[in-house]
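Accompanying notes for the structure given below.
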Amino acid sequence: AAGVIQSPRHLIKEKRETATLKCYPIPRHDTVYWYQQGPGQDPQFLISFYEKMQSDKGSIPDRFSAQQFSDYHSELNMSSLELGDSALYFCASSSGGPRFPSYEQYFGPGTRLTVT
Amino acid sequence: ELKVEQNPLFLSMQEGKNYTIYCNYSTTSDRLYWYRQDPGKSLESLFVLLSNGAVKQEGRLMASLDTKARLSTLHITAAVHDLSATYFCAVDMYSGGGADGLTFGKGTHLIIQP
């Protein structure tokens, strides 16, 4: 079965640079979530989108922005990168939206971002 | 602020033994999730518990939810080495939007020794 696709899988950037992470949800899934997991930490929710509109917002820094496109893929844009942004970034997808949510979130393989 | 607490955070056990991981959360929610994560890998969904009294079983793992006590348990029966991993419970913040982010516990690092 098709899974969530994330690209790139690994990314190395220097401080103050920008990065863009991409997420392609499972086909027919209309909801995307972004999470950040630091080394040895639990995943922290950043932001979610349903039908291209922001749905819920967590601990996303102001330096980060995200959007969902008409084909339901999503991009997380990160600017002025800091050493503390080094983490695994997961995208998850689900289907159903607010009226008939399926609740279960399926996670992608993650993008490992290293900021030097 | 929603808080999710797991215990124990570290657990080393022998194959063949039984054990239980506990997950307490601070807000009224009837949706509780269990995930497994191997080192450096993604999160694999194990169970989605959607109502008080829900019980689900898959192989040697069984999860239950008591929404009144705000408690979920993950029980491991006759552990085998392949179950070594980090187990997270998570609760949805439930803003009513249907695309609510999950709040995770700190995770239980489980090592099963032969």
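Below, chains carry the letters A, B, ... as their sequence lines are ordered, and counting in each starts from 1. As the structure is a prediction and not an experimental result, all values here were calculated from the model.
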Let's test your reading of the structure: which of [options] forms the most heavy-atom pairs below 4.5 Å with chain B?
{"options": "A/Ala92, A/Gly110, A/Pro43", "value": "A/Pro43"}
{"options": "A/Pro39, A/Gly40, A/Gly108", "value": "A/Gly108"}
{"options": "A/Arg112, A/Gln41, A/Gln37", "value": "A/Gln37"}

task: Please report the closest heavy-atom contact between B/Asn18 and B/Met13, naming both atoms and the distance.
output: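 In this case the closest contact between B/Asn18 and B/Met13 is C-CE, 4.0 Å.
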Give, as side chain, backbone, both or neither, the part of [X] having an atom under 4.5 angstrom from any heavy atom of chain A.
{"X": "B/Phe88", "answer": "side chain"}
{"X": "B/Gln37", "answer": "side chain"}
{"X": "B/Lys41", "answer": "backbone"}

query: Is the shortest distance from a Lys or Arg side-chain nitrogen in A/Asp85 or A/Arg63 to a carboxylate oxygen in the other one below 4.0 Å?
result: yes
- prompt: Ion pair present between A/Asp30 and A/Lys52, side-chain N to carboxylate O less than 4.0 angstrom?
  reply: no
- prompt: Side chains of A/Tyr35 and A/Gln105: donor-acceptor distance under 3.5 Å anywhere?
  reply: yes
- prompt: With distance as the sole criterion, is a donor-acceptor pair present between the side chains of B/Thr73 and B/Thr20 under 3.5 Å?
  reply: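 Distance-only check fails for B/Thr73 and B/Thr20.
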